[in-house]
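Chain naming here is simple, since letters A, B, ... match the order of the sequence lines and numbering starts at 1 in each.
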Amino acid sequence: MSDAPVSAPKDFIRELIAADVAAQRNGGWVITRFPPEPNGYLHLGHAKSICLNFGLALENAPHARCHLRFDDTNPTKEETEYVESIKADVHWLGFSWGNHLYFASDYFEKLYGFAVQLIANGFAYVDDQTLEEVRANRGTLTAPGVSSPFRDRSPAENLDLFARMRAGEFAEGAKILRAKIDMASPNMNLRDPVIYRILKAHHHRTGDAWCIYPMYDYAHPLSDALEEITHSLCTLEFEHHRPLYDWLIDHVVGLPAKPYQREFARLNLTYTVLSKRKLLQLVKEGLVAGWDDPRMPTISGIRRRGYTPAAVRAFCETVGLTKFPSVSELALLEHCVREDLNKNALRVYGVLRPLKVVLTNYPENQVEEVELVNNPEDPSAGTRKVPLSRELYIDAEDFMENPVADFFRLVPGGEVRLKYAFCIICQEVVRDASGGIVELRCTYDDATRRGAKPVGRPKVKGTIHWVSAAQALDVEVRMYDKLFSVAQPEEAAGEHGNFTDYLNPNALEVLTAKLEPSVATAGPGVHYQFERVGYFFTDPKDSKLGKPIFNRTVALKDSFPKVK
RNA sequence: UGCCUCAUGGUGUAACGGUAGCACAGCAGAUUCUGAAUCUGCUUGUCUAGGUUCAAAUCCUAGUGAGGCAACCA
């Protein structure tokens, strides 16, 4: 009996697991697995599964662990390159599989043995029907299937045929091994599912050792059992595979464990797509710059954009886990990113669209140093010195010649504060021949330093950032925005349309910004907040030492309604 | 015209027969040397119809809607 407060499980799966632990099922152990097929890059949808499976292991320590298992049963699609990227992505998210790294291909021999056992016990048979015949005889959603003429072959004949399949005597497609279950089942997965097929393909790990390969439905439950997985968690589309999962666990003799499968809804996110096929299409058609394009919802993409592992984990936790196919808002993810970065990112001044300001009453050749706070959320981050002189840049957005209502930045004749410097008053707007504004001539008030309020003039409502012109760095800034311009591109496209029609043409804008000189030494992969603008990340791939390139991770929230 | 699963504010979730709560978004206000952050307040919800019960988001029945299922993919 414990008087410790009972922390309520957060979702139906954790509830189930807590009950299993309480009942000492599996000796109170919780062993989960994350089982990607190494045929592509991981995305945010996978992150949800990773956070669940590895999170469960952490929550139930010390009697818990999570395996990383590559489900590499289809050699025609899998590559070592993907194995490496998947490992890197899981690590980046902050999880570790310890020494529990597995490959389904490591079990090929055992899996073959189990198949022999099933055949010997009359639970599987070799079928000579063609692919088309198998398909036709499976029946439809409303009509039962028709038994194969080869369904009643003797175990002895099946054993011989299966051995010869392995030996490579038959051509691809000539024969398959099927589980003998129920051709009339309302569940199509139980109509004698194929469990082995002939594939004369080179496997990324087993090479040419095999020419028959197990199907997912067969390999998965048995791999789970071999690893003594207790809870096999997957997405909803595998719900109908559960009876087959259970059938195999029940019919194969000698398994070291009896795992069970539960299903949860996959992640959907607004303004993006989360399907390997569609992401692949974007890459192949050159609509993005690659799998790690910062616009992509891939783990490698968001990492490069500057999203943080902590933010992704927090997001996965708040979306929760249910069986309802919900669509989460990008805004929630962005909130999680800002929340993390606000606490940790160093502040820096950056002017995206420079507008020159000349302080007419500031000494011609003087350069002073102003002390700026590195992170108001974290005093230990200290301060830095930034130069200030007669010629400055401010953001063009911070000046309006004909201001809209409630605009409280710089206007002709108006006054704003240059943050941590002093207040300036706009005296004159200088134009070029075509009427474009090229420069603002302003005066500054020395008495307004250190936050002192102007005397004898109205209260200054605006505070803006700035950089000293002579010392400013010209830096490439990649302004990333949402990938699609509609919340649900797949739905917008409907059955016949093309989701790529809804790509956001403004998802990337490249600018040359003026940044304070302190960022000259910024290495690749560092987070910053450009004050009043947004969070930025030095591109880990294209940044050179001394020549950083910044990716906009996410803009700051902006409650000023912009008129564009 | 089959089977399986699901249905709580705009969005995501909690409530396990007994006060519909939280977060995001939105809207106000306070505060602010970031129109950020922070703080306060507000708006908005149990798919429908029956039933069981003193009492239903919760249990039952039917309907409606959504997702999934007919690869030798995973």
Say you pick atom C1' in B:C24 and the same atom in B:U43; how far apart are they, in whole Å? 15 Å
Using every non-hydrogen atom in the two residues, find where A:Thr553 and A:Phe537 come nearest and quote the distance to one decimal. OG1-CB, 3.7 Å
Only stems of 3 or more consecutive Watson-Crick or G-U pairs count here, both distances under 3.5 Å; name the ones for RNA chain B, or none. B:2-7 with B:64-69, B:10-13 with B:21-24, B:26-30 with B:38-42, B:47-51 with B:59-63
Distance-only, no hydrogens or angles: does the A:Asp395 side chain make a donor-acceptor pair with backbone N or O of A:Leu352 under 3.5 Å? yes
Integer angstrom distance from the P of B:U5 to that of B:U46: 26 Å
Taking 4.0 angstrom as the limit, do A:Arg33 and A:Glu227 come out as a salt bridge? no
Candidates B:G68, B:A74, B:G12 - which lies nearest the side chain of A:His240: B:G68
Sequence neighbours left out, what passes side chain to side chain donor-acceptor pair (under 3.5 Å) with A:Arg191? Give chain and number order. none
State whether A:Thr318 places a side-chain N or O below 4.0 Å from either non-bridging phosphate oxygen (OP1 or OP2) of B:A23. no
With no hydrogens and no angle check, just 3.5 Å: does a side-chain donor-acceptor pair link A:Arg347 and A:His465? no
Restricting to nitrogen or oxygen on both sides, can you table the protein-nucleotides 30-32 of chain B pairs closer than 3.5 Å?
none

Please determine, by modelled atom types, if A:Asp217 and A:Tyr245 share a side-chain donor-acceptor pair under 3.5 angstrom. no
Determine, for A:Glu371 against A:Arg384, whether the closest basic-nitrogen to carboxylate-oxygen distance falls under 4.0 angstrom. no
Flag for A:Asp89-A:Tyr41: side-chain donor and acceptor within less than 3.5 Å: no
Nucleotide nearest A:Lys557 (side chain, heavy atoms from C-beta), chosen from B:C16, B:G12, B:G26: B:G26
